[in-house]
Number of protein chains: 2
Amino acid sequence: MAQTAIYGVIKNHPVPSIQRLPVYLRYLKELKTNDEISVSCTKIADELGQLSVQVRKDLAITGITGRPKVGYRIIDLIEAIERFLGWNRITRAFLVGAGSLGSAILGYQGFSEFGLDIVAAFDTDQSKLGTKIHGCPVHHIDELTCMGKDKNIDVGILTVPASAAQMAANLLVSVGVRGIWNYTPILLELPNDVICEHVKLSASFAVLSCALKNPPQ
Amino acid sequence: MAQTAIYGVIKNHPVPSIQRLPVYLRYLKELKTNDEISVSCTKIADELGQLSVQVRKDLAITGITGRPKVGYRIIDLIEAIERFLGWNRITRAFLVGAGSLGSAILGYQGFSEFGLDIVAAFDTDQSKLGTKIHGCPVHHIDELTCMGKDKNIDVGILTVPASAAQMAANLLVSVGVRGIWNYTPILLELPNDVICEHVKLSASFAVLSCALKNPPQ
């Protein structure tokens with residue numbers, strides 16, 4: 001079974017650094033709201049419980065460098081992170097599976113801040129068709145192919161039951177999505193040029209369980 | 001701000017290996033359903049698109065070793081993984097925030113397979129109080145402290161809005177939870193002996209966005 005994985009690095013940038021950028025971004029936006037102008041690595045590190053050297057390394061992947069004794073201009077840093085992540089552009093998405101997890105994602109306001117525009121949701125449940133969930137229209141899954149043709153959809157969000165995951169992924173691939181955000185536990189078979197980011201809730205619970213069994217000394 | 005992080009290793013076991021164990025477990029249970037008796041690392045690796053040497057290393061953390069030319073007895077391997085993760089015992093949980101994300105977690109059948117027993121959910125929404133979501137009773141958040149006292153709750157699951165996250169975490173800590181499964185974007189301040197596993201959906205979307213900007217060649 002092939003799985004298009006996201007590697008430990010993307011274009012030489014370590015994935016853990018990329019994963020921390022939204023945390024910095026959130027904090028920087030808070031500072032901006034409080035009318036602050038600049039910030040140092042040390043302050044960011046102290047506030048977020050990280051090492052200063054790690055913060056500097058993480059931020060450097062966006063191409064920005066701080067100035068000695070001044071630090072970073074907050075608006076420049078926000079812009080650099082958003083540009084690096086592609087969050088200064090709109091990412092158009094279809095969501096397949098409008099159950100409670102799908103509804104949660106449609107209702108999560110943070111994603112629109114990241115440029116994510118969920119254009120339509122799809123389901124097979126007759127009672128949902130023609131309704132809107134958090135403002136997003138729900139269509140029958142049979143309409144996905146037709147609707148996807150002229151919509152330039154970048155990403156498919158998969159929130160279907162495990163048994164429907166591969167079929168739904170195939171439909172999304174057929175309308176030309178370049179990435180799949182997979183919330184199901186299924187390892188999907190995808191063409192090599194389709195990127196898959198897999199949210200593995202069971203992996204997260206495994207880490208928690210294991211840590212509970214082996215608590216910090 | 002202090003953040004109880006789960007480190008890159010737990011008791012010398014690499015976190016990425018721990019995170020892969022549920023994937024193996026799911027596959028092994030499939031094999032068992034098909035009445036297969038034993039399985040080799042090579043077969044697991046081929047089916048799950050991994051390197052055989054990595055599979056062997058991951059499985060070794062559970063304390064089990066395969067036999068040359070025979071591989072692993074499937075039932076022994078399932079038992080070893082479940083025991084290692086603590087999934088052979090019941091983990092009792094309170095869930096705080098019975099919105100759509102909370103409902104999705106209450107409805108996710110996989111978690112009960114991992115021994116997770118969500119004893120009660122809490123919310124402030126009057127319309128939900130006294131109802132059940134996927135069989136789990138919903139109480140007012142004000143009842144959490146009283147209800148938590150004699151229930152031996154291991155874990156708190158946080159699915160509240162960001163603005164309520166720290167307050168809800170404090171309540172959970174006050175009733176003696178040893179771990180918090182944090183689905184909010186907030187870095188929580190927690191006592192050092194409370195473990196926090198943070199599901200960062202924005203980090204996951206950052207990786208996907210970044211990979212879309214830099215597609216594999």
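Every chain is numbered from 1, with letters handed out A, B, ... down the list of sequences.
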Shorter than 4.5 Å, heavy atoms on both sides: which option in [options] has the most such pairs with chain B?
options                               : answer
A/Gly179, A/Ser204, A/Ser202          : A/Ser204
A/Lys213, A/Gln50, A/Glu113, A/His134 : A/Lys213
A/Ser103, A/Gly86, A/Cys210, A/Pro161 : A/Cys210

Under a 4.5 Å heavy-atom cut-off, does chain B meet the side chain of [X], its backbone, both or neither?
X        : result
A/Arg178 : both
A/Leu101 : both
A/Tyr108 : side chain
A/Arg20  : neither
A/Ile180 : backbone
A/Pro185 : both

Could you tell me whether the side chain of B/Leu188 reaches within less than 4.5 Å of the side chain of B/Leu158, counting heavy atoms only?
yes
If you count heavy-atom pairs under 4.5 Å between each of B/Leu201, B/Thr159, B/Leu106 and chain A, which one has the most?
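Highest number of heavy-atom pairs under 4.5 Å: B/Leu201.
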Among B/Gly99, B/Gly107, B/Ser209, residue most engaged with chain A (heavy-atom pairs, under 4.5 Å):
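The candidate making the most pairs under 4.5 Å is B/Ser209.
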For the residue pair A/Glu30 / A/Asn34, report whether a side-chain donor-acceptor contact shorter than 3.5 Å exists.
no
Quick check for you: to the nearest 0.5 Å, what is the distance between [X] atom [atom1] and [Y] atom [atom2]?
X        : Y        : atom1 : atom2 : value
B/Tyr72  : B/Thr62  : OH    : OG1   : 7.5 Å
A/Leu187 : B/Arg26  : CG    : CZ    : 8.5 Å
A/Leu28  : A/Leu77  : CG    : CG    : 5.0 Å
A/Leu116 : A/Trp181 : CG    : CH2   : 6.5 Å
B/Tyr24  : B/Ile81  : OH    : CD1   : 8.5 Å

Over all heavy atoms of both residues, which pair between B/Asp123 and B/Leu129 is shortest? Give the atoms and the distance, please.
O-CD2, 3.8 Å
Counting only heavy atoms closer than 4.5 Å, note whether B/Leu85 contacts chain A via side chain, backbone, both or neither.
both
